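Everything below concerns the one structure shown next.
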Amino acid sequence: MSVKKVYDKQPDTFEFTKENLVLAENILNKYPKERKKSAVMPLLYLAQNQNDNWIPLAALKYIGKFLSMPYINVYEIATFYSMYNLSPVGKYFVQVCTTTPCLLRGANEIVKACQKKISKNENTISENGMCSWTEVECLGACVNAPMMQVNRDYYEDLSKNNIEKILDSFMQDDPIKPGSFRNRKSSAPENNKINGNGINNA
Amino acid sequence: MPKITVNNKEIEFENGMTVLQACELAGAEIPRFCYHERLSIAGNCRMCLVEMEKSSKPIASCAMPATEGMKIKTNTEKVEKARKGVMEFLLANHPLDCPVCDQGGECDLQDQSLYYGFDKSRFKENKRKVKDKYMGPLIKTIMTRCIHCTRCVRFATEVAGVTEIGAIGRGENMEITTFLEKSMESELSANVIDLCPVGALTSKPYAFEARPWELKKTETIDVMDAVGSNIRVDTYGWEVKRVLPRLNEEINEEWISDKTRYACDGLLKQRIDKPFKRENGKLIECSWDEALNIVGSKIKETDKNQIGFHAGDMLSMETINSLKELAKKLSIPNYEFREKPFYLNSDNKMNYIFNSSIKGIEKSDCIVLIGTNPRHEATMLNARIRKAFVTKKIPIISFGDPGDLTYDYTNAGNSTEDIKKLLNKENETSKILLNSKKPIIIIGESALELDSAKFILQGIKKFLKENNFINENWNAFNILLQNASSVGAIDLGFFEKNNSFNFFNKLKNNEFKLLYFIGSDNLDFIKSNEFIIYQGSHGDRMAQIADVILPSPAYTEQNGLFINLEGRLQKSNKSTYPPGSSKEDWKIFNLILNNLKEDEIFKNFVELRTDTISKIKNHTDFDLLPKKTIQDLKFESGSFINESIYVNEIDYYFSNSIARSSKTMSDCRAARSKKLNKITGS
């Protein structure tokens, strides 16, 4: 990983939509007036949601003005956290976990499949514009390793047998249902094994 | 006082000190990169690790508050091993380019690696490479060398008051940059070069010019504004290579403004090195004798009432003193140092100096600005106001609109009517003022240029005296003059005393036949038939219209006395030699007198200096504030006219002839006017 690249084709302006402006005001109300800078992270997230899952520079400036804080401070925060995207991502943004548990359970195969199906390099949008992928650190679903996050959904218990099918569904803009791909309910034991509370897997 | 034991030595320390400061008190030197006395504590370089009793791990002494009974060890094996470990990490990604690095010889990392560095690296992976950033025409960046101490970030935010530098990314990928690589909009920006403990931020104009050990260093005084910042001039041969700040808690702490630091390349350009005379509309070189003959015969044949002398903004007191004696000897009545007609009252020294003193600003609890923009008129003084603002959140109120001052202030009105209300205790400002204990009122030259200037100056003085803000311990009355020569010239009486501005009227109506400009380039003047003699160091505005030019040294090339705006007398020292056949100003005056077959005024420089010091009002000693004179205050009344207070814009980077000759200053000016926004670094 290196410092996030700022996209070179930037829109000139950014403004919250009417609905988001209401949301932004609600966020602001959560913080004391003299500490409204604290709202910078939820507002960046709001801007990212509004703008196809990435934050343009105009939005950084807009939020800087909105919270009367220096641009550089907004920029620092946006580059610090890995969940803010400063360049466009695909309609389906695939984040593959490659931290130790997932890696031990074969996350490399998932990465290889992404390279084959989506794009050779990470953070590059596929030719049909549908997908982009990136490696990320632990997403907190180690029990279901290997796993990946696509937009807001977790796809778990992946293997090289089913991953290509899943990725194809995104590429064809017909996303498959998220969840465990070994028919587990959340992280409960599979094949009717009994879990710690003495309950069978439903 | 609480006690702390450092290396088995028990010492007392003040409450609120950190372990690092206590160790320094005990004489134990602690290595550091991120810690700086004048900045907030970051604690991220980990170089200052020391051993504390009852702590299993070494502690970062810069961020640990010292407490009663602490037992600290700074010289144990454990401490040395810890520091060596930190140093190895710092050097892991630091390039080995000391031979081509401008910081070499004055680099903290170089010095400290002598004590804590390993002889070889155990780092086998790839070293990181960081793209260099553009930070304006003054700062050259080699960001691979950065060790992320964040001193520059803290300086920009805290002292300069422009939050423009920041650290983007995180962990190994952290990079220091300005937002979208714009140049830093501050008059103090180049101080980050001094602050940078490594060679990541170095001086762009000084890049590859010289090594620190081959420079001759002279301690002297800055003349770019009336603050009188203490500087060190580094010369190589006759060339001034760079100007650095010198520590003076009373005046500039350890910062200087960009103009002070970088106008020095103007000392090498546009220099007048020989006398010139005008023949058939063209300036041609001539000998000193020829030039002096022309000057002598012109002075002889012109009616003395039609001769005017004007002293420039960067003249030493000796020059002004000998010039005044010259005028006296030749019985010339018209002389002036002001560049614009502003009201001046020299009855009492209190009436034209900054009485609260620059250091006193920190004690103040309310500051009122009247027609002044301290950011451009006295940058270092503005940094003090900001310091008071940041540490104590004091209210700052301005009459007139000075623009961005790097701190928040309230505008209390833009007309003299508002000041009248203040004096009659009719508005909010007067309430804030009366409720404060140590207020400061600063009257700028822009306010003194108004028709009701006398009303403002005398009215404010009376108001402050009546409310006991002018007493033995505190004097809230301040005048902010802009030029280095101003206070000295007033002390020596080199101006028209009655405020009738005859000189300026005559100048405007072209009533002079002969004008003698000594280092004076800022006058608003359109030439018609005057014969103009220019004596100075730079071929600037006045030299272009002059008929005879006499070369004289610039401020780094002759000894001189300067009084700063507080009334502090300081010595400026000769650091290099003037080019060509320049002669010192007072010697030129003697040569003119010789030519006129008159007696010389001063036989030697010692005599001149002694005479000059004897003429200083309320003189105490060098580097000290003048005696207080608040007993015999006189109050006059001035006429009131309702007019708007307009704060004159200063072309900051072009405010004097040296700055105008400087390439660096014109680059800064262009960058400021946003023309050069997209130029990438060198």
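Since the structure is predicted, the reported quantities are computational estimates derived from the model, not experimental observations. Lettering follows sequence order; numbering is per chain, from 1.
Taking non-hydrogen atoms and a 4.5 Å limit, the residue list of residues 153-165 of chain B in contact with chain A, ordered by number, reads B:T163, B:E164, B:I165.
Partners of B:F33 according to the ring pair (Phe, Tyr, Trp, His ring centres under 6.0 Å) rule, which considers only residues two or more places apart in sequence or in another chain, do not exist here. Take A:Y62 and apply the ring pair (Phe, Tyr, Trp, His ring centres under 6.0 Å) test, not counting sequence neighbours, and it matches A:F14, A:F16, A:F66.
Taking CE of B:M174 as the reference point, atom OG1 of A:T79 lies at 10.0 Å (rounded to 0.5 Å).
Summarising the geometry of B:L180 relative to A:K61, their closest heavy-atom pair is CD1-CE, 4.3 Å, with the distance given to 0.1 Å. Between A:I72 and B:F179 the shortest heavy-atom distance is CD1-N, 3.6 Å.
Residue A:K165 qualifies as open at atom NZ: its count of foreign heavy atoms under 6.0 Å is 12 or below. Other residues, nucleotides and ligands contribute only 12 or fewer heavy atoms inside 6.0 Å of the CZ atom of A:R105. No more than 12 heavy-atom neighbours from other residues, nucleotides or ligands sit within 6.0 angstrom of CD on B:E649. Around CD of A:Q10, the count of heavy atoms belonging to other residues, nucleotides or ligands within 6.0 Å exceeds 12.
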Side-chain donor-acceptor contacts of residues 25-41 of chain A below 3.5 Å, not counting sequence neighbours, with atom names and distances?
residue, atom, partner, partner atom, Å
A:N29, ND2, A:E25, O, 3.4
A:K36, NZ, A:S68, OG, 3.4
A:S38, OG, A:R35, O, 3.0

